[in-house]
Amino acid sequence: MNTALVRPRLAWVGVCMITVATPAHAQLAERPLRFTLEDWANETWLLLEDRDAVGDGRLSRLGILQRFDDKIDAEYELDLVSSAFSLIDDYWWRTQDNGIRYLGGSINRRELYQRTDVKIAVPAADDWQIRVRLNNKNSPTVNRSLVRAEVRKTWPSGVFGFAQGSLHEIKPSSDISIGAGVTVPSVHAKAMVVVLDAFNGVTEQLLRDSRFGPTTSIEYERHPIAFRVSADVQAGDRLRAEVHGAILLTARVRASARAQPDSGFTQTEGFRLLGALAEWSVKRHLTVGAFATHVRASLNRSALPLGLAQDDFRLIEQTTRFGGV
């Protein structure tokens with residue numbers, strides 16, 4: 001046995017959840033046991049929406065999903081499994097309009113995986129609501145502190161519309177979303193269109209002739225626009241199904257030195273995710289189900305005439321999973 005390959009770990013995991021009592025929360029104990037893939041869809045989506053949170057930012061050579069980061073290995077994946085909310089925890093969190101939850105776990109002797117989620121929802125006027133979401137995550141591959149603010153209007157029929165903005169530390173990377181959905185006793189569904197890096201062009205123009213501007217120019221030749229949908233359908237008292245999907249229309253960005261426009265690269269990106277879950281409530285505290293998830297991200301980089309040879313490659317990241325609950 002090669003002892004040099006053994007990495008001692010500190011076995012510690014912390015979980016904390018605090019919510020504001022609501023009628024939905026009070027009734028939760030009377031409902032059948034439920035699961036959800038919503039948190040998986042949100043966390044996977046954030047790898048696309050908040051590219052600046054990864055080690056090398058939105059132009060990382062490691063791709064959108066960071067599958068090829070040298071910090072990721074089999075042991076790291078196991079550490080994440082032991083430091084994660086369950087699908088049951090995620091469903092409970094999904095039913096809350098206000099609350100905070102924290103999770104922390106040891107990755108190795110030096111590093112701690114931490115995650116904090118905050119939800120705030122306050123009424124603004126008749127049928128209007130302001131929602132704020134904070135996602136904070138610190139891990140060997142991601143360092144994120146993302147605030148999302150949403151204004152929502154709900155009609156008596158259960159139909160709602162919303163506009164959302166994501167406030168990124170790197171200003172050009174802030175996003176804008178608009179969408180609509182419906183919430184009735186047996187169906188909850190929504191769809192939205194998202195303009196990623198919405199202010200990149202504005203910022204580039206403002207800084208182009210400024211002596212305080214960056215030395216690197218990042219300009220979209222085809223702006224990133226994504227679509228995202230989700231649906232939760234209850235069929236009778238026992239059967240329930242859930243589906244989540246998102247796709248990034250092919251985007252193309254040009255990165256180069258301002259002093260030498262041909263010394264850099266162009267990069268084409270694509271992304272899609274799909275998750276589905278079905279569950280059967282055998283009785284109030286016994287539910288069985290199955291789920292499947294698929295995520296694929298592609299990155300195709302080409303060197304400009306004066307660019308580097310290593311900026312000529314194609315990277316595909318893809319994961320498909322099946323499971324039972």
### Message
Any salt bridge linking Asp117 with Lys119? Criterion: basic side-chain nitrogen under 4.0 Å from a carboxylate oxygen.
### Response
no
- Query: Can a salt bridge be assigned to the pair Lys137 and Asp50 using a cut-off of 4.0 Å between side-chain N and carboxylate O?
  - Reply: no
In the single-linkage hydrophobic clustering (I, L, V, M, F, W, Y; side-chain heavy atoms under 4.5 Å), do [X] and [Y] co-cluster?
X      : Y      : value
Leu134 : Ile100 : yes
Val142 : Trp45  : yes
Val122 : Val118 : yes
Ile170 : Phe199 : no
Ile225 : Ile218 : no

For a 4.5 angstrom cut-off between non-hydrogen side-chain atoms, does [X] reach [Y]?
X      : Y      : value
Leu47  : Phe271 : no
His294 : Arg272 : yes
Ser230 : Glu38  : no
Pro172 : Arg58  : yes
Thr266 : Glu219 : no
Leu46  : Arg51  : no
Asn200 : Tyr220 : yes

ask   = When Ile, Leu, Val, Met, Phe, Trp and Tyr are grouped by side-chain heavy atoms lying under 4.5 Å apart, directly or through other members, which residues fall in the same group as Val243?
value =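 Its cluster mates, by chain and number, are Leu274.
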Other than Trp128, which residues form its hydrophobic cluster under the rule that side-chain heavy atoms must be closer than 4.5 Å?
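Joined to Trp128, directly or through intermediates: Val151.
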(Q) Set out, in order, the CA-CA distance, both residues' side-chain angles and the distance that settles salt bridge (charged side-chain N to carboxylate O under 4.0 Å, His left out) for Arg94 and Asp232, then state yes or no. (A) CA-CA 12 Å; Arg94 169 184 165 178; Asp232 186 328; 2.5 Å; yes
Between [X] and [Y], is there a donor-acceptor pair closer than 3.5 Å when you use the side chain of the first and the backbone of the second?
X      : Y      : answer
Asp89  : Ser86  : yes
Gln267 : Glu269 : no
Glu317 : Leu65  : yes
Glu242 : Leu37  : yes
Arg61  : Gln310 : yes
Glu279 : Phe35  : yes
Ser298 : Ile316 : no
His223 : Asp197 : yes
Arg238 : Val282 : yes
Gln260 : Ser256 : no

Out of curiosity, [X] [atom1] to [Y] [atom2], how far, rounded to the nearest 0.5 Å?
X      : Y      : atom1 : atom2 : answer
Leu59  : Asp311 : CG    : CG    : 9.5 Å
Arg152 : Phe160 : CZ    : CZ    : 4.5 Å
Thr293 : Arg321 : OG1   : CZ    : 6.0 Å
Arg301 : Phe313 : CZ    : CZ    : 4.0 Å
Leu248 : Thr250 : CG    : OG1   : 7.0 Å
Ser263 : Leu306 : OG    : CG    : 6.0 Å

Report task. Take Val194 and Ile176 through the test side chain to side chain contact (heavy atoms under 4.5 Å, CB included) and record every step on the way to the result. Result -> CA-CA 6 Å; Val194 186; Ile176 296 176; over 6 Å; no
Assess, by modelled atom type and distance only, whether the side chains of [X] and [Y] contain a donor and an acceptor separated by less than 3.5 Å.
X      : Y      : value
Asp52  : Ser173 : yes
Arg131 : Gln129 : yes
Tyr102 : Gln114 : yes
His244 : Asn42  : no

Is it the case that atom CD in Gln318 sees more than 12 heavy atoms from other parts of the structure closer than 6.0 Å? yes
- Ile178 atom CD1: more than 12 heavy-atom contacts under 6.0 Å: no
Salt bridge (Lys or Arg N to Asp or Glu O under 4.0 Å) filter on Arg133, not counting sequence neighbours, yields none
Check your understanding: Partners of Glu49 by salt bridge (Lys or Arg N to Asp or Glu O under 4.0 Å), sequence neighbours excluded?
Key ->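 For Glu49, no residue satisfies salt bridge (Lys or Arg N to Asp or Glu O under 4.0 Å) once neighbours in sequence are set aside.
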Determine, stepwise, if the pair Val54 / Thr141 fulfils side chain to side chain contact (heavy atoms under 4.5 Å, CB included). CA-CA 6 Å; Val54 303; Thr141 60; over 6 Å; no
Asp262 meets the side chain to side chain donor-acceptor pair (under 3.5 Å) criterion, sequence neighbours left out, with Arg254
Under 3.5 Å, side-chain donor or acceptor atoms of residues 179-193 against the rest of the protein: list the pairs with distances, not counting sequence neighbours.
from	atom 1	to	atom 2	distance (Å)
Thr183	OG1	His188	ND1	2.8

So, for [X] and [Y], which heavy atoms are closest and what is the spacing to 0.1 Å?
X      : Y      : value
Asp312 : Ser302 : OD1-CA, 4.2 Å
Ala121 : Asn98  : N-OD1, 2.8 Å
Gly324 : Phe291 : N-CE2, 4.0 Å
Ala297 : Ile64  : CB-CB, 3.9 Å

Test side-chain hydrogen bond (donor to acceptor under 3.5 Å, both in side chains) on Asn300 and Arg252; report intermediate values, then the result. CA-CA 9 Å; Asn300 192 354; Arg252 183 180 176 88; over 6 Å; no
**Criterion salt bridge (charged side-chain N to carboxylate O under 4.0 Å, His left out) on Asp90 and Arg101, from CA distance to verdict** = CA-CA 10 Å; Asp90 289 337; Arg101 67 176 183 173; 3.2 Å; yes
From CA spacing to verdict: side chain to side chain contact (heavy atoms under 4.5 Å, CB included), Leu273, Trp40: CA-CA 10 Å; Leu273 74 82; Trp40 167 83; 3.9 Å; yes
message = Working note: Arg34 + Ser281, criterion side-chain hydrogen bond (donor to acceptor under 3.5 Å, both in side chains); need CA distance, chi angles, decisive distance, verdict.
response = CA-CA 8 Å; Arg34 296 295 193 208; Ser281 297; 3.1 Å; yes
Q: Apply the test side chain to side chain contact (heavy atoms under 4.5 Å, CB included) to residues Arg144 and Asn135: give CA-CA distance (whole Å), side-chain angles for both, the deciding distance (0.1 Å), then the verdict.
A: CA-CA 7 Å; Arg144 177 189 301 129; Asn135 179 275; 3.1 Å; yes
